[in-house]
> 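Got a structure for you, written out below as structure tokens; questions coming shortly.
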Amino acid sequence: MKNFTVKELLYSGVEIDSIVMVKGWARSRRDSKAGISFITVNDGSCFDSVQVVAENKLSNYETDILRITKDCSVVITGKVVKSLGKGQSIEIVATTIEVVGFVENPDTYPVSPKRHTVEYLRDVAHLRIRTNLLGAVARVRNTVSFAIHEYFQKNGFSWIHTPIITGSDAEGAGEMFRVTGLNLNHLPRTDDGKIDFKQDFFAKETFLTVSGQLNLEAYCLAMSKVYSFGPTFRAENSNTTRHLAEFWMVEAEIAFANLTDNATLAEDLLKYVFKTVLDKNADDMKFFAEFINKEVVTRLESLVNSNFAMITYSEAINQLLKTKVKFENPVSWGIDLASEHERWLCEEYVGQPTIVIDYPKDFKAFYMRLNDDGKTVAAMDILAPGIGEIAGGAQREDRYDVLVSRMNEFGMSQEQLDWYLDLRRFGSVPHAGFGIGLERLISYITGVQNIRDVIPFPRASKLASF
RNA sequence: GCCUCAAUAGCUCAGUCGGUUAGAGCGACGGACUGUUAAUCCGCAGGUCGUAGGUUCGAAUCCUACUUGAGGCGCCA
């Protein structure tokens, strides 16, 4: 007898009268005194559950089947029939139902068949996957991840596994977690009382990566089109709906390219991902549209068929100065855009994802290419309504002298990044890249507002359970 | 890190001005009914009111500290 996933049963045209086996978890049980019970079974393969009809002539009807509660694990064998009821085209008339694992204490089982808040479900992250919401998120996350690889692979990019442990403390993207093999109770000291990292595993200070970009640039200047996709770590004590201490980031880097090429690539990638999700996860997206945010489907559909808006920082400042909307943070050329400014720009002024380019050099990273005006750098941020910054990137400074002087402005030691400067000495080319926060992207796609609900087991300040 | 708000049944919440035995919905359990699918109806059980102090004749309610959570800001993806 063939084993089927629920998805195969519901959507692969399994023939009526086929004898099948399906395994999963009971979502609900409803009894009819006519002598039958209805058990819906979900196995995570798709949003919908398959309905199983259990007649009271089954040998374990009284002893087992009438004791089935939400999330008891079951193995069903039976015949596929056209459904007599509404809500599904087919159902399974069971010949056997084996309850593999009952749920102890169904009265206090954390994921009872009722609405739960996402805040509560975070405390039971190991069980929350059995809800419609978190199951749908998990499937979309998978689709997004695979689509990203698919896009790059179809377009000639190589996937580069940039290191997780880094010795560079100059990446500048944020506070870093330390990596050490030292015994924290007996730290070796140098003569002047500082910690002697020469005795540590790597014989130097090391950290978890905050970005694979610098390493990725090295591969870019040999392989032309590269990307990395993996976990990233930031030790910032950020307490928001859009920050995590451990998150996944996609970074792309292209050679012989400028900022426009970069923006085009990012936009094309995002559209591909949106289209793929709409295509593969229509039922999950329908659920988000119904229960989370009415607009998640329509806004993705319209994005796929339109161009992202692009605006320079200077134009953005002009518009922010023109509007009658009052901001907490005063607007003038030279300020870093605050959340309220970004939100107004993409939500009110433009109304869709917006690429802001050419920021003042003073608050952007040292590696961004200085524009000819001497005041701005070739940076770009992609802002998404409801989320804020979803991607950030830049054309890189490819001129050795300019890069060195920028590093000096930032008070950075050349010694530390000598290898990075080498890339400008030996066959340097204009190149550009960007990073996309995977969780922010999923948050935007699904409408699930808190980033902690779109990653399986969130790590954030004071949060490392499970 | 800063600001604001919150913590009462398994979950979501109500609880008036500080006053007798702390309530509802959902869930669970029992029953009725039904090809049901967020079923419906009836019934029953379920509480050290986040923790520790304090004020008071009396505290879920007022005060202090702590813990945890949420939202906003900053940092950013």
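Quantities reported herein were computed from a predicted structural model and do not represent experimental measurements. Throughout, protein chains are lettered first and strands after them, A, B, ... in sequence-line order, and every chain is numbered starting at 1.
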> Hey, is the side chain of A:Asn450 poking within less than 4.0 Å of OP1 or OP2 on B:G71, counting only N and O atoms?
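Yes, within the criterion.
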
> Using a cut-off of 4.0 Å on non-hydrogen atoms, how would the nucleic acid contact of A:Phe247 be classed: base, sugar-phosphate, or nothing?
base

> Within the structure shown, what part of the strands sits under 4.0 Å from A:Ile390 by heavy-atom distance: base, sugar-phosphate, or nothing?
sugar-phosphate

> Quickly work out the A:Leu208 CG to B:C76 C1' distance and round it to whole Å.
17 Å

> When the C1' atoms of B:G10 and B:C29 are compared, how many Å lie between them, rounded to an integer?
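Here B:C29 and B:G10 have their C1' atoms 13 Å from each other.
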
> Take atom CG of A:Asn239 and atom P of B:G71, then tell me their distance rounded to the nearest Å.
9 Å

> What's the spacing between A:Arg452 CZ and A:Glu119 CD if we round to 0.5 Å?
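With rounding to 0.5 Å, CZ (A:Arg452) is 10.5 Å from CD (A:Glu119).
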
> Roughly how many Å is it from OH in A:Tyr109 to C1' in B:C11, rounded to a whole number?
14 Å

> Of the listed nucleotides (B:G35, B:G1, B:G10), which one gets closest to any side-chain atom of A:Phe38?
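Taking heavy atoms from C-beta onward, the closest nucleotide is B:G35.
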
> For B:U48 and B:A38, measure between their C1' atoms and round to the nearest Å.
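The same atom, C1', in both gives a distance of 35 Å.
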
> Counting only Watson-Crick or G-U wobble pairs whose two distances fall under 3.5 Å, which nucleotide matches B:U16?
none

> Determine the contact category for A:Glu91: base if any of its heavy atoms lies under 4.0 Å from a base atom, sugar-phosphate if only primed atoms, P, OP1 or OP2 are that close, otherwise nothing.
base

> Is any side-chain N or O of A:Arg27 closer than 4.0 Å to OP1 or OP2 of B:A38?
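Negative; the distance criterion is not met.
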
> Closest to the A:His243 side chain: B:U12, B:G71, B:C76?
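Of all the options, the side chain of A:His243 is nearest to B:C76.
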
> Could you give the CZ-to-C1' distance, from A:Arg30 to B:A32, as a whole number of Å?
18 Å

> Less than 4.5 Å apart, any side-chain heavy atom of A:Ile317 and any of A:Ser332?
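A:Ile317 does not reach A:Ser332 side chain to side chain.
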
> 5'-most contact on RNA chain B: A:Thr40 or A:Ile451, nearest heavy atom basis?
A:Thr40

> Can you pull every protein N or O that's under 3.5 Å from an N or O on nucleotides 41-45 of chain B?
none

> Could you state the interatomic distance from CH2 (A:Trp248) to CD (A:Glu439), rounded to the nearest 0.5 Å?
9.0 Å

> Paired with B:A28 by Watson-Crick or G-U wobble geometry, both distances under 3.5 Å: which nucleotide is it?
none

> With no hydrogens and no angle check, do the side chains of A:Thr376 and A:Asp358 hold a donor and an acceptor under 3.5 Å apart?
no

> A:Asp123 has an atom CG; how far is it from atom P of B:U67, in whole Å?
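It is 18 Å, rounded to the nearest whole Å.
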
> Between B:U56 and B:C63, how far apart are the two P atoms, rounded to whole Å?
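Looking at atom P only, B:U56 and B:C63 are 16 Å apart.
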
> Please give the distance between the P atoms of B:G46 and B:A24 as a whole number of Å.
13 Å

> Look at A:Ser112 and B:A28 and indicate whether a side-chain polar atom (N or O) is within less than 4.0 Å of OP1 or OP2.
no

> Base, sugar-phosphate or nothing for A:Asn105? Non-hydrogen atoms, less than 4.0 Å.
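Touches nothing.
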
> Measure the shortest side-chain to side-chain distance between A:Ile445 and A:Met285 over non-hydrogen atoms and say whether it is less than 4.5 angstrom.
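A side-chain contact exists here, since the closest heavy-atom pair is under 4.5 Å.
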
> Do A:Arg234 and A:Glu236 meet the salt-bridge criterion of a basic N to acidic O distance under 4.0 Å?
no

> Could you please name the option among B:C11, B:C76, B:G74 that lies closest to any side-chain atom of A:Ser238?
B:G74

> Under 4.0 Å, counting only non-hydrogen atoms across every strand here, what does A:Thr69 touch: a base, just sugar-phosphate, or nothing?
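Touches sugar-phosphate only.
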
> Given B:C76, B:G27, B:G72, identify the nucleotide with an atom nearest to the side chain of A:Glu342.
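Out of B:C76, B:G27, B:G72, the nucleotide with an atom closest to A:Glu342's side chain is B:C76.
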
> Across all strands shown, which nucleotide pairs with B:U21 by Watson-Crick or G-U wobble geometry, both distances under 3.5 Å?
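Result: none.
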
> Just to verify, which of A:Val41, A:Leu58, A:Thr77, A:Asp64 counts as forming a side chain to side chain contact (heavy atoms under 4.5 Å, CB included) with A:Ile97?
A:Leu58

> Between B:C76 atom P and A:Glu246 atom CD, what is the distance in whole Å?
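Rounding to the nearest Å, CD of A:Glu246 and P of B:C76 are 21 Å apart.
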
> Would you say A:Ser28 places a side-chain N or O within less than 4.0 Å of OP1 or OP2 belonging to B:A38?
no

> How is A:Gln51 classified with respect to the nucleic acid when contacts are heavy atoms under 4.0 Å: base, sugar-phosphate, or nothing?
base

> Check whether any side-chain N or O of A:Ser339 sits under 4.0 Å from OP1 or OP2 of B:G74, and answer yes or no.
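Yes.
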
> Considering only heavy atoms from C-beta outward, does the side chain of A:Phe207 approach that of A:Phe177 to under 4.5 Å?
no

> For B:C73, does either OP1 or OP2 sit under 4.0 Å from a side-chain N or O belonging to A:Arg242?
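Checking A:Arg242 against B:C73: at least one side-chain N or O falls below 4.0 Å of OP1 or OP2.
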
> Who is the Watson-Crick or G-U wobble partner of B:G69, with both distances under 3.5 Å?
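By the stated definition (distances under 3.5 Å), B:C5 pairs with B:G69.
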
> If B:U55 has a Watson-Crick or G-U wobble mate with both distances under 3.5 Å, name it; if not, just say none.
none

> Over all strands shown, is A:Thr232 touching base, sugar-phosphate only, or nothing at heavy-atom distances under 4.0 angstrom?
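Result for A:Thr232 = nothing.
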
> State whether a side-chain donor-acceptor pair under 3.5 Å links A:Tyr109 with A:Glu104.
no

> Given A:Phe152, which partner from the list A:Trp159, A:Phe146, A:Phe157 fulfils the ring-ring contact (aromatic ring centres under 6.0 Å, His included) test?
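Testing each of A:Trp159, A:Phe146, A:Phe157 against A:Phe152, the sole residue satisfying ring-ring contact (aromatic ring centres under 6.0 Å, His included) is A:Phe157.
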
> Round to the nearest Å and state the distance from A:Glu439 atom CD to B:A77 atom P.
14 Å

> Taking B:G15 as the reference, what is the distance to B:A60 when you measure between their C1' atoms (whole Å, please)?
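Pairwise C1' distance, B:A60 against B:G15, rounds to 8 Å.
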
> Ignoring the backbone of A:Leu244, work out which of B:C73, B:U12, B:A77 is nearest its side chain.
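The listed nucleotide nearest to A:Leu244's side chain is B:A77.
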
> Can you tell me which nucleotide in B:A77, B:G72, B:C75 comes closest to the side chain of A:Glu389?
B:A77

> If you compare every side-chain N and O of A:Arg122 against the phosphate oxygens of B:A70 (OP1, OP2), does one of them come in below 4.0 Å?
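Answer is yes, contact under 4.0 Å.
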
> Within the 4.5 Å heavy-atom criterion, are A:Thr143 and A:Asp284 side-chain neighbours or not?
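Not in contact.
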
> Nearest to the side chain of A:Met249, heavy atoms from C-beta on, is which of B:U36, B:C73, B:A77?
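Nearest to the side chain of A:Met249 among the choices is B:A77.
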
> Name the closest nucleotide to the A:Pro106 side chain, picking from B:C29, B:U36, B:A77.
B:C29

> To the nearest Å, give me how far apart CG (A:Leu66) and P (B:U36) are.
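In whole Å, B:U36 P and A:Leu66 CG are 19 Å from each other.
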
> By the 4.0 Å heavy-atom rule, please label A:Thr240 as base, sugar-phosphate, or nothing.
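Base contact.
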
> Taking only side-chain nitrogens and oxygens of A:Arg67, does any of them come within less than 4.0 Å of OP1 or OP2 of B:G30?
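Answer no for this pair, as no side-chain N or O of A:Arg67 is under 4.0 Å from OP1 or OP2.
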
> Write down the distance separating the C1' atoms in B:U20 and B:G25, rounded off to the nearest Å.
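Pairwise C1' distance, B:U20 against B:G25, rounds to 26 Å.
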
> What is the minimum heavy-atom distance between A:Ser145 and A:Phe229, and which atoms define it?
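Answer, listing the atom of A:Ser145 first, then A:Phe229: O-CE2, 3.7 Å.
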
> Could you work out the separation of B:C5 and B:C62 based on their P atoms and round it to a whole Å?
13 Å

> Applying a 4.0 Å non-hydrogen cut-off, can you work out what A:Arg29 is touching in the nucleic acid: base, sugar-phosphate, or nothing?
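No contact.
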
> Looking at B:A45, which nucleotide sits across from it as a Watson-Crick or G-U wobble partner, both distances under 3.5 angstrom, or is there none?
none

> Please give the distance between the C1' atoms of B:U40 and B:G35 as a whole number of Å.
15 Å

